[in-house]
Structure formats: C-alpha cells, structure tokens
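First the structure, in the form of structure tokens, and then the observations on it.
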Number of protein chains: 2
Amino acid sequence: MAADNTRTAIITAAERLYAERGFADVTMRDIVAAADVNLAAVNYHFGSKDELIAELFVTRSLATNRERLRELKAAEEAGDGRADINAIFAALVGPTLRGCLGPEKQRSDAARFMIRASIESVAPIRKIKNREVDHLKRFAAAMRRSLPDQDPADIFWALHFALAMAHQTIRDSERLTRMSDGLCDLNDVQAITDRVVAVAVMALTGKPAKAPLKEPAKAKARA
Amino acid sequence: MAADNTRTAIITAAERLYAERGFADVTMRDIVAAADVNLAAVNYHFGSKDELIAELFVTRSLATNRERLRELKAAEEAGDGRADINAIFAALVGPTLRGCLGPEKQRSDAARFMIRASIESVAPIRKIKNREVDHLKRFAAAMRRSLPDQDPADIFWALHFALAMAHQTIRDSERLTRMSDGLCDLNDVQAITDRVVAVAVMALTGKPAKAPLKEPAKAKARA
DNA sequence: GATAGTTTCATACACGCGTTTGAAAAGCAA
DNA sequence: TTGCTTTTCAAACGCGTGTATGAAACTATC
C-alpha cells in the first residue's frame, strides 16, 4: 500500500490538525509540514484545500453514519423491528461521545474532526451537510416504530435535544468541569452516554407533571 | 450625542454583520463600508480589529448577564429566596432564545452576536470568556437553594444541558425544520422556551424510572 | 481669525494565504 | 538503455488581509 503514500500522509495529518485546532487556525503549510510533504502536494492530489476538507468530511461522515446505523440495526433486530428507545438514542450519540471524550488513548481524530465540522461550519462542508438530515430521519423513523403513539413533533424535538446535549458536552467539556469545580466526571463516557440517553428519553416519554402534550404549559415557566 | 458618531456607527455595523455572517466572513472593509466610515477609523477608535471584537463582546456579555440576573432575582424574590426551578431555567435560556428566534422584528443583533461568539470561538473572545463560568455558578447556586436536596453534580449537568438545548436550537434551527418537515414550530419562542425548561427540569428532578441518582444505570442504554 | 488638538481620509505597507509553475526526480514499459 | 508518464520539489505569483502613515479637514479655545 505504498502506492500513494503522500496522499494518506496528508489525510492523516490534516485530520489530526483539524481535529486539534479547528479549520480556521490550520493552514496548508501546517498540514504539509506535519505530513512531511511538499506544499504543492495538496493541490496535486486533491485539487484544492476545500476539496481536501470535503473529502475528509465525506469519508468520515459515511463511516460515522455506518457505525450509528449498525448499532441501530442491532437494536431493532433485538426488538423484532421495534427497538428499545434507550438503545436508539444510545446508537445516535454513543459513537461520537466515545470517540471524543473517551480515555486519551482511544479518542479518535475522526470523531473530533466531525465535531469540528459540525461546529465551525466551513464553506466546503456546508454544502454536503444536507445528507445528514436524511440520516437523522432514519433515526426518527426508528423512534416512531419504537413508540408509535408518540407525537411526531416530540420525537424530532427529543432527537434534536439528544444531539444538542451530546455535542455541547463534547465541545464545552472544559466549561462544565470548571463550572462544577470538577464535580462532573467527564472521563466516564458510559455514564455520560447513559445520562444523555436518559434525559432524551425523559424528554420524549416521561411527563412527570401531566403537562399537555402538544402545548407545553405557558404558565409553568413564569415565576 | 453626535459626539463620537463614527464610533457608534462602527459598533452597530460590526455587531450586525458579525451576527449575520459570523466572524470569519466579515472583514474590516466590510464593516467600514456598512458603517460608511473610513477604513482607518476602526484602528483609530478601537486600536485593532481584535479590540473591537473584544469590546463588543464585553458590552453585550454584561448586558445579557444583567438581563438574566434580573429575571433570576425576580424569581427568587417571588419565592422568598427559593425560586421555582422552572423560573430559574427560564431566566437562563429565555433572554437568548427570545433574542435569536423571535419574530423577525424583535430579533436583536445583540443576542445573535453572542451566539456567534459562543460558536466560533475567535481568539480575542476566548480569553474573556472565563467570567461566564462565574456567572453560571450564580445560577447553579440559585438552583441549589431551590432544590437543596438535589445532588450538586446533577444540578450542573442540568444547567449544562439547558444551555446545550437552547444553543443548539438557535444554531441549528434550520436542520430541525428540515428534519421534521416543518413539523417543529420555531416561531413560537415561548413554546420553545417552555419545552427546553421542561426538559431541563425533568433532567434534574423527574426520574420516571427510579434510576439511581449518582450512577445512571449501565444496563439501561444497551439493547 | 490664528492656533492647537482631534478626527477623517486616501494611500501604501507588510504579511500570510491558497495556488501555480516549470523543471527535476522517480517509476515503469518496451 | 530509451522514452513516456507520474510524482515531487523549490520558488514565485496574485490576492486579500489588518495595520500604519502623513496630509487634509474639522473643532474648539483664545
């Protein structure tokens, strides 16, 4: 596989640098220096910087979705077509959380790269992102099969909130640590996943007060 | 107040442009063109581009915090020092949600600027952001007074999740709309606020299943 | 109305960026 | 080897950026 060595060297270096420092702060000169190749190599092999980013994103996006769907499928098969709602949420947020927050050693540049991509919204990625919606719709459909009586809008909101909690936890883990003076343990990824999943499920199904389903009580939020 | 007209013109234009297009895509030449002043005016009045951004952020940060704390204080006074937990969360996420998602007319550049600042994490802002932690700690303290028996870690997690849900809803409202085929109504800000607050409160207090408090059940998330 | 201080302006500077170029090097088939 | 293609390399190009300069215009005080 020494066929295109510089190509893979660029991909590896770029993904790592982007994952670590974000798109804005990484120049092509940084990348080629890290990959130990010539400056012109990026343009030769990928055409342009944007095309390199796009290729990175497409590749990783497919891989992430594949992993999510694999977990989802397993959950659905375990439930004869109706997966446990907990398992669905876990399939949605688990892979990313593990890749970004796990112990240093098993953290993947891939997962962290994807988080960067979802945060910084750089031009070449923005155009591709549309497919993500289709991917999420498959999770929404699974949730509908799991809980057929649930209000569809609530399903989308819960899915949205689940991703929100997972993403923010990854992105702002430092703030949470500082805010809680270290009380919130960010090393136990399984516990974090469980917590996010539990809240998402509660957001969807658990109505501790019997608030109306379609119209969250207006009076409640006011003092 | 025609004293320093160009100064305020720059501030207004910069805030609007940054709110609309983000920091990365707005150059000084864009700003001075929108403000209809000379290019050198920014450096003359603010010193540098970074100092302009920093001043914008500090000003707006103080204003936002002031509004949040005003609502918090009102809630605490209404409850004789122990605010309703719903009101606390509403004070935390309400101002920003209203400023960013409300009807076009009452959307504020200020709120959207702050969201940009929280998303893009540009250098001059990153250094100042530490104070935000202190601000959030005041909310955590209020929540502790409101629910003295609650596990402190759970309080921080719920606060973290509340902000996550609010922020993501603002940032990715388009994806939610597309994913739900318009089923999720993003125009009713009050309903959104109520929903975020309700989920945050549930995350904190509502344990529909009697999951152990300190250690979310491991088995639960697996199929 | 002359003077000193403040603000505006057109212009230029230095720098870093992504990209291009053209020649040298390496790979490979005959 | 020879001839052709693919890949690497050093160097430079064009462009847009934030910033600096020095003169002109304005403002206010005497």
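In this text, all values refer to a predicted model and were calculated from it rather than measured experimentally. Residue numbers start from 1 in every chain, and the chains themselves are labelled A, B, ... in the order their sequence lines are given, proteins ahead of strands.
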* Do Glu20(A) and Leu17(A) have side-chain heavy atoms sitting under 4.5 Å apart? -> yes
Would you list the protein and nucleotides 18-21 of chain D atom pairs, both N or O, that sit under 3.5 Å from each other?
{"residue": "dG18(D)", "atom": "OP1", "partner": "Lys49(B)", "partner atom": "NZ", "Å": "2.8"}
{"residue": "dG18(D)", "atom": "OP2", "partner": "Met28(B)", "partner atom": "N", "Å": "3.0"}
{"residue": "dG18(D)", "atom": "N7", "partner": "Arg29(B)", "partner atom": "NH1", "Å": "3.0"}
{"residue": "dG18(D)", "atom": "O6", "partner": "Arg29(B)", "partner atom": "NH2", "Å": "3.2"}
{"residue": "dT19(D)", "atom": "OP2", "partner": "Asn43(B)", "partner atom": "OD1", "Å": "3.3"}
{"residue": "dT19(D)", "atom": "OP2", "partner": "Lys49(B)", "partner atom": "N", "Å": "2.9"}

* Is the phosphate of dT8(D), meaning OP1 or OP2, less than 4.0 Å from a side-chain N or O of Thr6(A)? -> yes
* To do: Determine, step by step, whether Phe23(B) and Phe57(B) satisfy the ring-ring contact (aromatic ring centres under 6.0 Å, His included) criterion, reporting the C-alpha distance in whole Å, the side-chain angles of both residues, the deciding distance to 0.1 Å, and the verdict.
  => CA-CA 12 Å; Phe23(B) 294 102; Phe57(B) 181 72; 8.7 Å; no
* Using whole Å, report how far CD1 of Ile10(A) lies from C1' of dT8(D). => 11 Å
* **For atom OH of Tyr44(B) and atom C1' of dA10(C), their distance in whole Å** => 17 Å
* Pairwise side-chain contact, Ile11(A) with Glu55(A), heavy-atom cut-off 4.5 Å (strictly under) -> yes
* Asked: Just to confirm, is there a sub-4.0 Å distance from OP1 or OP2 of dT6(D) to any side-chain nitrogen or oxygen of His45(A)?
  -> no
* Asked: Once you round it to whole Å, what is the distance between P of dT6(C) and CZ of Arg7(B)?
  -> 16 Å
* Asked: Rounded to whole angstroms, how far apart are CG on Asn5(A) and P on dT8(D)?
  -> 9 Å
* Asked: Rounding to a whole Å, what distance do you find between Leu52(A):CG and dT19(C):C1'?
  -> 14 Å
* **Lys NZ or Arg CZ of Arg7(A) over Phe46(A) ring: under 6.0 Å, within 45°** => yes
* To do: Return the value, rounded to whole Å, for the distance between atom CD1 of Ile31(B) and atom P of dG16(D).
  => 18 Å
* Interatomic distance where CD belongs to Glu51(A) and P belongs to dG18(C) [whole Å] -> 14 Å
* Asked: Listed by chain and number, what are the side-chain contact (heavy atoms from CB on, under 4.5 Å) partners of Ala162(A), not counting sequence neighbours?
  -> Phe89(A), Leu92(A), Val93(A), Ala200(A)
* For Glu15(A), which of Arg60(A), Arg112(A), Arg116(A) qualifies under salt bridge (Lys or Arg N to Asp or Glu O under 4.0 Å)? -> Arg60(A)
